[in-house]
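The next block holds one structure in the form of structure tokens; read it before the comments.
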Amino acid sequence: MTERLRTLLARRGVRVGLGLGAFVAWVASGIYMVPPTSVAVTRLFGAVQDQAVPPGVHWWWPRPIGCVDRAEVTRTFAMPIGVRPQAKPDATGHDLVDPIESRWVTGDTNIIHLRSKVSWRIADPGAFLLRTQDPERLLRVAVGAAFTAATSGMPVDDILTSGRLLLREQVQRRAQGMLDGWRVGIQVLSVNLDGVDAPAPVVKAFQEVQNARADRERLVSEAEAYANTTVPVARGEAQKTLLEAKGFEDRRLNAARADADRFARLAAEHDRDPALLEKRLYLETAERVMPRVKRYVLEPGGRRSMPIRILE
């Protein structure tokens with residue numbers, strides 16, 4: 001009886017030890033590590049508990065009680081639009097252009113081929129990991145819809161020339177708005193255009209239009225440069241002429257006023273004593289004129305001789 005009891009206790013001890021070891025191993029399996037470029041999202045019975053567990057070594061309830069998901073939040077991802085990724089790149093190292101996905105209709109009913117690359121990052125790890133099954137597919141759908149809406153509102157000439165920046169901004173804004181509405185947890189960082197081309201049959205015609213537009217812009221720039229150098233000179237000369245005319249006007253007016261004032265004062269003096277004023281004017285005039293006149297004085301002499309003394 002004692003031997004049988006010992007055997008039962010030994011078996012029970014082994015079972016308890018095995019169960020305790022299994023429990024310890026299960027608890028130890030809850031230790032996990034988060035890489036430096038990532039954060040972790042912890043769940044307990046399916047409910048999110050923490051959406052931003054920092055990098056490092058942590059512990060969380062193992063499955064099936066808890067669950068840990070990781071997301072690279074510091075990495076920038078790139079998604080090509082209008083090209084079909086290849087499993088094995090060709091000799092050029094580029095993906096194949098998809099003639100269907102890269103084709104869009106413009107606002108003036110023309111067709112263009114667009115190839116772009118979208119840079120994005122994970123902004124909300126919880127929403128990115130748990131709210132959608134395929135967030136990258138939703139990103140591709142949102143960017144494609146944004147390109148469709150943006151190109152349909154712009155003429156083909158603007159898209160091929162000066163409207164590329166506006167196109168990129170509109171696509172980024174529209175795509176981000178759709179992703180935020182769907183709560184995908186993705187932030188669109190930039191939309192880069194790798195290629196904007198017209199269909200092959202009309203490439204030459206579009207190139208001629210672009211060359212003509214470039215020539216027009218060049219001629220306009222040259223005309224503006226000529227105007228910028230000529231107009232200021234003409235304005236300066238006109239201002240100089242106006243200033244000279246104004247100075248001449250001021251001098252003539254001042255001289256006329258001085259003469260009129262002088263005449264008025266002489267008239268007043270003439271009214272008081274006309275004879276005295278007339279004699280005074282005669283003497284003043286002679287004083288001004290005589291120094292400029294050569295004077296010859298004839299002295300009386302004989303009948304036939306006439307000595308002359310010249311006074312300077």
Side chain of N254, backbone of D250: donor and acceptor closer than 3.5 Å?
yes
Within the supplied structure, the quantity of interest is the number of heavy atoms (other residues, nucleotides, ligands) at a distance under 6.0 Å from R213 CZ; does it exceed 12?
yes
Do V105 and N110 come within less than 4.5 Å of each other through their side chains, counting heavy atoms only?
no
V53 versus W60: any side-chain heavy-atom pair under 4.5 Å?
no
Rounded to the nearest 0.5 Å, how far does NZ of K240 lie from CG of L243?
10.0 Å
Does some side-chain heavy atom of I81 sit less than 4.5 Å from a side-chain heavy atom of L114?
no
In terms of heavy-atom contacts, Q187 and A123 come closest through CB-CB, 3.9 Å
Determine whether a donor-acceptor pair (N or O, by modelled atom type, separation under 3.5 Å) exists between the side chain of S116 and the backbone of L193.
no
Quick one, F77 with V118, criterion side chain to side chain contact (heavy atoms under 4.5 Å, CB included). Give me CA distance, side-chain angles, the key distance, then yes/no.
CA-CA 8 Å; F77 301 89; V118 180; over 6 Å; no
Given the rule in the side chain to side chain contact (heavy atoms under 4.5 Å, CB included) test, do W61 and L44 qualify, once you have shown the distances and angles that lead to the verdict?
CA-CA 7 Å; W61 292 100; L44 186 63; 3.8 Å; yes
Atom of R121, atom of R75 and distance for their closest heavy-atom approach:
CB-O, 3.8 Å
Salt bridge (charged side-chain N to carboxylate O under 4.0 Å, His left out), that's the test. Do D158 and R164 meet it? Break it down for me.
CA-CA 7 Å; D158 291 348; R164 296 192 179 189; over 6 Å; no
With no hydrogens and no angle check, is any side-chain donor or acceptor of Q172 less than 3.5 Å from a backbone partner on V188?
yes
Same cluster (ILVMFWY, side-chain, under 4.5 Å), V73 and L189
no
Using atom types as modelled and distance alone, determine if a side-chain donor or acceptor of S152 lies under 3.5 Å from a backbone N or O of A149.
yes
Main-chain N/O of V34 paired to S38 side chain as donor or acceptor, under 3.5 Å:
no
Decide yes or no for V57 and I31: does some side-chain heavy atom of the first lie under 4.5 Å from some side-chain heavy atom of the second?
yes
Summary of ring pair (Phe, Tyr, Trp, His ring centres under 6.0 Å) pairs that have at least one residue in residues 159-190, sequence neighbours excluded:
none
Are V143 and M79 close enough that some pair of their side-chain heavy atoms sits under 4.5 Å apart?
no
Look only at the side chain of R115 and the backbone of P80, and say whether a donor-acceptor pair between them is shorter than 3.5 Å.
no
Do side-chain atoms of R70 reach the backbone of M33 as a donor and acceptor pair under 3.5 angstrom?
yes
Above 12 or not: heavy atoms from other molecules or residues under 6.0 Å from CD of E287?
no
Salt bridge check, R43 against D69: does any charged N sit closer than 4.0 Å to a carboxylate O?
yes
Which atom names give the shortest non-hydrogen contact between P155 and T106, and what distance separates them?
C-CB, 4.4 Å
Would a 4.5 Å heavy-atom cut-off, applied to side chains only, mark I65 and F45 as touching?
yes
With side chain to side chain contact (heavy atoms under 4.5 Å, CB included) as the criterion, how do T42 and Y32 come out once you've worked through the C-alpha distance, each side chain's angles and the decisive distance to 0.1 Å?
CA-CA 11 Å; T42 57; Y32 67 95; 3.6 Å; yes
Shortest non-hydrogen contact between F128 and P135, atoms and distance
CE1-CG, 3.3 Å
Does a side-chain N-to-carboxylate-O contact under 4.0 Å join E222 and R218?
yes
Testing the 3.5 Å rule here: is there a donor-acceptor pair between the side chains of E224 and N228?
no
Roughly how far apart are R103 CZ and I111 CD1, rounded to 0.5 Å?
6.0 Å
Go through R257 and D261 one step at a time and tell me if the salt bridge (charged side-chain N to carboxylate O under 4.0 Å, His left out) criterion holds.
CA-CA 6 Å; R257 291 191 183 99; D261 184 64; over 6 Å; no
Would you name the heavy atoms of A71 and P125 that are closest together and state the gap between them?
CB-CB, 4.1 Å
In Å and rounded to the nearest 0.5 Å, what is the CG to CH2 distance from L179 to W120?
10.0 Å
I want to check something: taking the side chain as every heavy atom from C-beta on, are V191 and F147 in contact at a cut-off of under 4.5 Å?
yes
Quick one: pull up CZ in R131 and CZ in R183 and give me the separation to the nearest 0.5 Å.
4.0 Å
Indicate yes or no: does E284 engage R280 in a salt bridge with an N to O separation below 4.0 Å.
yes
Suppose the criterion is ring pair (Phe, Tyr, Trp, His ring centres under 6.0 Å): which pairs have a residue in residues 218-257, not counting sequence neighbours?
none
Spacing of CZ belonging to R216 relative to OG belonging to S221, to within rounding of 0.5 Å
10.5 Å
Please confirm whether the backbone N or O of A225 pairs with a side-chain atom of T229, one donor and one acceptor, at under 3.5 Å?
yes
In Å, rounded to the nearest 0.5 Å, how long is the span from CD1 of I112 to CE of M154?
8.5 Å
Closest non-hydrogen atoms of I186 and Q176, given as atom of the first, atom of the second and distance, are O-NE2, 3.1 Å
